[in-house]
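What follows is one structure encoded as structure tokens, with my remarks underneath.
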Amino acid sequence: MSILLQQLLHREGRCGIFSPAMQGSSKILDHQPETQTPEIKPQIKPQIKIAGVELRLIRLPLVEPFETSFGKIDSRLIFLVCLEAEGLRGWGEVVAEEEPLYSYETVQTALHVIRDFLGPAVLASPISDLDDLVKRLAPFRGHNMAKAGLELAFMDLMAQTREQSLSALNGGELERVAVGVSLGIQPTISRLLERVDRYLKLGYQRIKLKIKPGWDIDVVDEVRRKFPDILLSVDANAAYTFRDLDHLKQLDDFNLLMIEQPLQYDDLMDHARLQEVMKTRLCLDESIVNLRQARLALELDSCRIINVKVGRVGGYSEALGIHDLCVSREVPVWCGGMLESGIGRAHNLALASLKGFTLPGDISASSRYFDRDVISPEVTVDPDGTVVVPNGVGLGFEVDLDFIRHMTETRVYVS
Ligand code: OSB
Ligand code: MG
């Protein structure tokens, strides 16, 4: 199906009142390390006047199909957001998928919501910091992935104006982050065993197996027999209900690090009932759509580990809040993934560089999913199962604009 999208004309942005000379004088986040010398705050905060919001959809083929309990894909329609301001470009990614299966959002709902509501809100007047942006987007209900795309791009812009890395801007302290791999449902168990072996040899520190009814207990049993000592987890993507209790209880036999999102996406109550009778820690992914839900989930003991995805929770602001909540409650937290291009992957690295992210994240090498990535150098995993957090300004990677232009299926410009 081809949808005609109107390409809005690019108007020259008016001269903004933001200037790089004014950088560094306002506090963006609580996470920012304190500066040693207290400065007198200027009356006027530095502001960023966004001149245009460019949205691009590019289709990247996957090196092999990726199958979960909710479906199988062999390519990823990547949604890139580029904010232009004062001659700089800030890049973000909307992680929504084409079909509303993981979440209700889709590439097309996000395109609509950004073009018609969020984009105009961002363009309306200069933005002083992340909180300012969050406030501006808050009246629009839901559509977290769409909002996050703008937040990510804004933070890249902000990092560039302050000549900082995104990691530093977030208050990240780790120079390397530990990573694991998420292995989709395979046609055969022997193929899965081969994949497990392959990714362990590449250094990945944790193996996560996608499961669904009919591809669960026996599969996990075989993997655990062959690899008795590895960090192993499973992710059901909401494929079960509380009625499957006796079946799910069998997973307690495999010394799993966690069981991710076994039950329905909005069911904190049944997750709490399940956690009460399971030895293995439950981890919530789909259910944690914001800081409030994270609080509620921990309060109800619906899970004992949290997966943070910056897209699912609506951006850095909420993601950092959930990180802090987990740290204060001593609940392990880790950074999830959504088969992002290098741009989303770079943002995930910047997030995962916060000290509270103690479990390996779903941050694979670019080559685990794509033949060619949109950034250079591409993300690589070292033999010790870590990825270096770049310390260059902004994303810390070059964005390959020629390749992005070449691959663009749809371009929308809002100004
Ligand atoms: O549930 O974590 C998930 C991918 C798409 C949608 C949901 C999920 C995933 C993954 C892959 O598990 C994580 C990654 O490597 O990006
Ligand atoms: Mg998951």
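Just so you know, ligand 1 is whichever comes first in the structure, and atom 1 is the first atom listed for that ligand.
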Q) Within the stated cut-off of 2.8 Å, is an N/O/S atom of Glu260 closer than that to the Mg ion (ligand 2)? A) yes
Q: Please name the atom of Asp285, restricted to N, O or S, that is closest to the Mg ion (ligand 2).
A: OD2
**Q.** Arg195 bridged to Glu64 by N-O distance under 4.0 Å
**A.** yes
Q) Has Glu286 got an N, O or S atom lying less than 2.8 Å from the Mg ion (ligand 2)? A) no
Q) So which heavy atom in the protein is nearest atom 4 (C) of ligand 1, and how far is it from that ligand atom? A) Phe66 CE2, 3.8 Å
Q. Quick one: does ligand 1 sit under 4.0 Å from the side chain of Val181, the backbone, both or neither, non-hydrogen atoms only?
A. neither
Q: Spell out, as yes or no, whether a donor-acceptor pair under 3.5 Å connects the side chain of Arg89 to the backbone of Cys82.
A: no
Q. Can you tell me the protein heavy atom closest to atom 15 (O) of ligand 1 and the distance?
A. Tyr369 OH, 2.6 Å
Q) the Mg ion (ligand 2) is nearest to which N, O or S atom of Asp235? A) OD2
Q: Take Glu260 and Lys208, measure what salt bridge (charged side-chain N to carboxylate O under 4.0 Å, His left out) needs, and give me the verdict at the end.
A: CA-CA 9 Å; Glu260 190 175 333; Lys208 162 168 134 184; 3.1 Å; yes
Q | Residue-ligand contact Lys208/ligand 1, heavy atom below 4.0 Å | A | yes
Q.
I want to confirm something. Looking only at heavy atoms, which of Arg368, Met338, Lys309 is nearest to atom 2 (O) of ligand 1?
A. Lys309
Q. Between Asn237, Ile363, Val179, which one has a non-hydrogen atom sitting closest to atom 1 (O) of ligand 1?
A. Asn237
Q) Strictly by modelled atom types, are Ser376 and Asp400 linked by a side-chain donor-acceptor pair under 3.5 Å? A) no
Q) How far does SG of Cys335 sit from CD1 of Ile363, to the nearest 0.5 angstrom? A) 4.0 Å
(Q) Within a 6.0 Å radius of atom CZ on Arg329, are there more than 12 heavy atoms belonging to other residues, nucleotides or ligands? (A) yes
Q) Should you measure from each heavy atom of Asp285, which atoms of ligand 1 turn up under 4.0 Å away? A) 1 (O), 2 (O), 3 (C)
Q) Mind checking whether His271 and Phe242 have ring centres under 6.0 Å apart? A) no
Q.
Quiz question: by atom type and distance under 3.5 Å, do the side chains of Tyr240 and Asp216 form a donor-acceptor pair?
A. yes
(Q) How far is atom 16 (O) of ligand 1 from the closest protein heavy atom, and which atom is that? (A) Leu339 N, 2.9 Å
**Q.** Nearest neighbour in protein (non-hydrogen) for atom 13 (C) of ligand 1
**A.** Gly337 O, 3.4 Å
Q. Taking heavy atoms and a distance under 4.0 Å, where does Lys210 meet ligand 1: side chain, backbone, both or neither?
A. side chain
Q. Purely on distance, is any nitrogen or oxygen of Ser182 under 3.5 Å from one on ligand 1?
A. yes
Q: Taking the six-membered ring for Trp and the single ring otherwise, decide whether the centroids of His143 and Phe117 are under 6.0 Å apart.
A: no
**Q.** Donor-acceptor pair between Glu194 and Tyr199 side chains, under 3.5 angstrom
**A.** no
Q) Judging by distance only, is a nitrogen or oxygen of Glu97 under 3.5 angstrom from one on ligand 1? A) no
Q) Have Gln261 and Ser287 got a donor and an acceptor in their side chains that come within less than 3.5 Å? A) yes
Q) Below 4.0 Å from any atom of ligand 1, is there a heavy atom belonging to Gln261? A) no
